[in-house]
Amino acid sequence: MCRDREGSQLLFRVIADSYESRSLVITTNLEFSKWGSVFTDDQMAAAMIDRLAHHGHLLLFEGESYRMKHALMKQR
C-alpha cells in the first residue's frame, strides 16, 4: 500500500500515462471504496479508478483462498 503522497502520485502518473495507450494489469484485494484512504487523496483515487475502469475489465474472484486452504501453518 502506498500511504504516502509521493508514492500515490507516482502510481497515478503511471496509470494516467498508460491511459488509452498501454495495457495494465493491477491486482488488489481492496475494494475501490477504500482506495482514497490508501492513496491519501480521494480525488486522486477516483481519477485512478476512472481511468482503469473506462476501458478495463474487472475480474472478481470469490470463494475460499487456495493458499489459505493449503497453508502449512493452518490452525487445527
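Here the structure is a predicted model, which means the values were calculated and not measured.
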*Asks:* For Ala47, give me all partners under side-chain contact (heavy atoms from CB on, under 4.5 Å), at least two apart in sequence or on another chain.
*Replies:*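 Ala47 satisfies side-chain contact (heavy atoms from CB on, under 4.5 Å) with Phe12, Arg51 once adjacent residues are dropped.
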*Asks:* Would you mind writing out the side-chain donor-acceptor pairs for residues 21-28 within the sub-3.5 Å range, not counting sequence neighbours?
*Replies:*
residue: Ser21; atom: OG; partner: Asp17; partner atom: O; Å: 3.2
residue: Ser21; atom: OG; partner: Ser18; partner atom: O; Å: 3.3
residue: Arg22; atom: NH1; partner: Asp17; partner atom: O; Å: 3.1
residue: Thr28; atom: OG1; partner: Leu30; partner atom: N; Å: 2.9

*Asks:* For Ser8 versus Phe39, what's the shortest heavy-atom pair and its separation?
*Replies:*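 Closest pair (atom of Ser8, atom of Phe39, distance): OG-O, 3.0 Å.
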*Asks:* Consider only side-chain heavy atoms of I, L, V, M, F, W and Y, link residues closer than 4.5 Å, and tell whether Val38 and Ile49 are in one cluster.
*Replies:*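 Cluster IDs for Val38 and Ile49 match.
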*Asks:* Quick one: do Leu58 and Ile15 end up in the same hydrophobic cluster if we chain Ile, Leu, Val, Met, Phe, Trp and Tyr together by side-chain heavy atoms under 4.5 Å apart?
*Replies:*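 Hydrophobic grouping puts Leu58 with Ile15.
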*Asks:* Test of understanding: clusters of I, L, V, M, F, W, Y form through side-chain heavy atoms closer than 4.5 Å, transitively. Do Leu60 and Trp35 belong to the same one?
*Replies:*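 Yes; tracing contacts between hydrophobic side chains, which count when under 4.5 Å, links both residues.
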*Asks:* Treat each ILVMFWY residue as a node, draw an edge where side-chain heavy atoms are under 4.5 Å apart, and state whether Leu11 and Tyr19 are in one component.
*Replies:*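 Different hydrophobic clusters.
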*Asks:* Go through the structure and list residues passing side-chain contact (heavy atoms from CB on, under 4.5 Å) with Ser33, not counting sequence neighbours.
*Replies:*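 So Ser33 forms a side-chain contact (heavy atoms from CB on, under 4.5 Å) with Glu31.
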*Asks:* Give a yes or no on whether Glu6 atom CD has more than 12 heavy-atom contacts from other residues, nucleotides or ligands under 6.0 Å away.
*Replies:*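 12 or below, so no.
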*Asks:* Quick check for you: to the nearest 0.5 Å, what is the distance between Glu64 atom CD and His70 atom NE2?
*Replies:*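 Rounded to the nearest 0.5 Å, the CD-NE2 separation comes out at 8.5 Å.
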